[in-house]
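What follows is a short report on a single structure.
Chain letters run A, B, ... following the sequence lines, proteins first and then strands; every chain starts at 1. FYI, side chains are in, hydrogens and waters are out, and symmetry mates aren't considered; it's all heavy atoms of this structure. Not measured: the values here are computed from a predicted model.
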Amino acid sequence: MNKLFPFLIFILGVTANGWSATITRYVNPSSSGGDGTTSALSGANAAYASLNAWEAAEQQDLTDTGGDIALVNCAGITADTTIVTINGWTTGSTTYISIIGDNTTGKWDTGKYRLEITGNNDAISYYEDFIRFDRLQIKAGNPRGFRDFGTASSGDIRISNSIIKGIAGTSSNGMDLASATSKVWNNIIYDFAGTAIYQSGGTSNHYWYNNTISSNTTRSFYGGTANVTYKLRNNLINSSGIWNITPAATRDINYNASSDASADDYGGANNRINQTFSFVDVTNKDFHLASGDAGAKDYGTDLSGDANLAFTDDIDGVTRTGTWDIGADEFVAAGGTRRIIIFQ
Amino acid sequence: MMLSKLLFVLATAVVYVPGCLAAEFLIMAKNNWMIDTDQTGWSAEQIIEANKQYRIGDIVQAFTDGKLNDFANASGKFYVIRVSGLSFIDAEKYHQQWNDINGEMLNRRIYRIRAEDLPANVKNQLKNTYVYNTTWTAVKSYIRNKITGLNE
């Protein structure tokens with residue numbers, strides 16, 4: 001028993017301050033409202049009717065006794081139309097907020113959870129330092145999809161496998177990042193009048209990998225912070241203006257591809273310029289690579305062992321094998337394998 | 001004060017009729033944890049941040065008529081208030097966040113219901129069920145704009 005006790009403590013996750021847990025909740029805009037503890041659409045335990053309602057109800061200090069992760073699963077065919085502000089929590093590196101959508105099709109899907117905002121409001125604004133966003137669909141209004149209102153440099157913000165679209169000619173930036181370390185991968189960002197991924201401030205480094213960026217007027221990337229590192233790998237930039245990363249930063253930029261001459265503007269290696277990308281249906285915003293693509297397919301680098309941001313799949317949940325493709329989608333020939341995403 | 005409360009009771013004696021011009025509100029039934037926590041030793045900045053957070057009575061979100069059932073109170077985290085005589089489009093005004101000119105949050109909400117001033121029978125029903133049906137005529141004078149300090 002004496003030898004077994006430490007093992008049991010490890011398995012049960014007991015910390016010096018108590019028990020840690022994942023607080024799992026559900027959001028579905030088709031729900032008539034409940035306490036969010038199940039994905040049901042009615043009844044006392046039904047999903048919250050909006051992500052905004054979840055945020056208001058579940059705010060807490062995640063770092064207190066035991067330490068917790070706040071996990072919310074978002075699903076549903078009805079659009080969620082209320083802006084989301086994440087503020088009034090306390091988070092930590094192992095006690096973070098995790099917001100997970102249900103899109104696994106790699107293109108805008110009205111059968112999956114989506115946050116659609118109109119007017120002069122950012123879709124999601126956040127003030128907390130440790131948040132992970134995954135598999136969401138965000139339609140921005142006039143300003144931004146995501147906006148960081150001043151995280152600390154010690155923070156860690158992750159945005160992955162998401163589709164972020166603007167109103168062409170109107171919406172400003174896909175995401176405005178600030179001081180926290182940012183890890184942004186496998187996203188599709190399009191139709192912004194400003195910049196797809198914009199960052200300014202702080203002392204942390206930023207890792208932007210395998211994003212597909214299309215039809216953004218001003219810039220694909222902006223990195224305006226001196227004395228930090230911007231590490232860009234496998235990004236596909238299609239008709240999205242220049243990119244602008246300050247020479248006062250360390251620019252570690254390899255294996256990216258652009259439809260104009262910008263991908264090698266900052267040196268690096270294996271960056272491809274003046275490419276013609278072949279998508280399944282660019283007119284209807286399906287940015288899956290077509291079988292005949294010669295601009296991005298098999299020109300990326302394997303990031304499964306990357307020291308800063310390792311991953312193995314694409315925006316569809318397909319496991320990347322062989323020579324990686326550039327962009328959010330890994331082309332799979334007919335009959336290829338697909339990893340099934342298990343909802344937490 | 002007593003007259004206004006009497007009028008509130010009489011006005012809400014009108015039966016709530018689903019499907020008419022109406023909207024539904026989720027109202028905070030509890031304060032954000034920062035407000036009720038012992039703030040001894042907190043910095044001035046921390047206290048300022050705490051004071052921006054949700055308080056009882058803040059209007060979290062407006063919904064269309066018939067959207068929410070009584071369980072939307074989420075085990076007592078919200079009040080569900082159904083209001084006839086107010087369109088959803090007009091109701092959306094009341095869940096706006098209070099921002100500065102740069103869009104940064106000054107307070108979670110501009111508008112709140114003065115839950116502390118509601119008639120005793122209304123308070124009791126909210127305390128017991130977290131649900132209340134009323135009319136716009138009856139409730140609007142209990143909605144306060146935090147920026148102006150005025151009631152609707």
Side-chain angles (χ1 to χ4, degrees), chain A residues 25-27 29-38 40-64 78 80-90 118-122 125-128 141-144 147-150 172 176 178, chain B residues 24-37 42 45-46 49-56 58-64 66-80 82 88-89 91-93 95-109 130-131:
Chain A
R25 296 290 183 265
Y26 299 85
V27 165
S30 299
S31 170
S32 56
D35 68 5
T37 54
T38 77
L41 299 184
S42 62
N45 306 126
Y48 287 106
S50 70
L51 189 57
N52 170 58
W54 164 83
E55 198 276 340
E58 299 288 338
Q59 296 171 337
Q60 59 190 282
D61 179 359
L62 294 174
T63 67
D64 68 1
T78 303
D80 192 345
T81 59
T82 302
I83 64 168
V84 178
T85 298
I86 304 172
N87 195 359
W89 305 65
T90 296
T118 58
N120 294 316
N121 296 293
D122 303 310
S125 55
Y126 57 89
Y127 297 73
E128 303 303 333
N142 289 346
R144 306 157 192 82
R147 187 174 182 185
D148 182 328
F149 266 105
S172 63
D176 265 15
Chain B
E24 301 176 346
F25 288 124
L26 278 185
I27 309 293
M28 287 303 291
K30 62 181 182 66
N31 292 326
N32 176 276
W33 64 274
M34 292 183 184
I35 294 168
D36 296 332
T37 292
W42 284 32
E45 185 178 281
Q46 286 176 299
E49 287 304 306
N51 289 335
K52 295 178 181 179
Q53 304 306 326
Y54 278 122
R55 291 178 181 269
I56 295 172
D58 281 347
I59 299 175
V60 174
Q61 190 165 343
F63 290 89
T64 55
K67 170 64 177 175
L68 302 175
N69 67 24
D70 292 356
F71 293 121
N73 75 80
S75 303
K77 293 177 181 170
F78 300 120
Y79 299 126
V80 178
R82 299 189 179 92
F88 169 65
I89 291 175
E92 284 188 294
K93 160 188 170 182
H95 70 215
Q96 293 179 81
Q97 185 170 284
W98 183 358
N99 295 333
D100 67 12
I101 59 171
N102 297 315
E104 185 159 357
M105 189 186 88
L106 297 175
N107 195 283
R108 288 309 301 243
R109 287 297 180 266
Y130 295 93
V131 178

Inset, instruction - Sort B:M105 into side chain, backbone, both or neither according to what part of it lies under 4.5 angstrom from a heavy atom of chain A. - result: both
Inset, instruction - Could you look at B:K52 and say if it's the side chain, the backbone, both or neither that has a heavy atom under 4.5 Å from chain A? - result: neither
Inset, instruction - Please look at A:T78 and chain B and tell me whether the side chain, the backbone, both or neither of the residue comes under 4.5 angstrom of a heavy atom of that chain. - result: neither
Legend entry - Distance, nearest 0.5 Å, that separates CG of A:N45 from CG of A:D35: 4.5 Å
Legend entry - Which portion of B:E104 sits near chain A, non-hydrogen atoms under 4.5 angstrom: both
Inset, instruction - Flag the pair B:D58 and B:R108 as a salt bridge only when some basic side-chain nitrogen lies within less than 4.0 angstrom of an acidic carboxylate oxygen. - result: no
Legend entry - Pairwise side-chain contact, A:Y126 with A:W89, heavy-atom cut-off 4.5 Å (strictly under): no
Inset, instruction - Tell me, out of B:I35, B:N102, B:D70, who's got the most heavy-atom pairs with chain A below 4.5 Å. - result: B:N102
Inset, instruction - Please state whether the side chain, the backbone, both or neither of A:A57 comes within less than 4.5 Å of a heavy atom of chain B. - result: both
Inset, instruction - Count the heavy atoms belonging to other residues, nucleotides or ligands that lie under 6.0 Å from OH of A:Y127, then report whether that count exceeds 12. - result: yes
Inset, instruction - Under 4.5 Å heavy-atom distance to chain A, tell me which part of B:E92 shows up: side chain, backbone, both or neither. - result: neither
Inset, instruction - State whether A:D122 and A:R147 are salt-bridged, where the test is any N-O pair (Lys NZ or Arg NE/NH1/NH2 against Asp/Glu carboxylate O) under 4.0 Å. - result: yes
Inset, instruction - Tell me, for B:L68 versus chain A, whether the close heavy atoms (under 4.5 Å) come from the side chain, the backbone, both or neither. - result: both
Inset, instruction - Counting only heavy atoms closer than 4.5 Å, note whether A:T90 contacts chain B via side chain, backbone, both or neither. - result: both
Inset, instruction - Between chain B and each of A:S31, A:G34, A:G150, count heavy-atom pairs under 4.5 Å; write down the option with the most. - result: A:G34
Inset, instruction - Give a yes or no on whether the backbone of B:K67 and the side-chain of B:T64 come within a donor-acceptor separation of less than 3.5 Å. - result: no
Inset, instruction - Using a 4.5 Å cut-off on heavy atoms from C-beta on, say whether the side chain of B:V60 contacts that of B:I27. - result: no
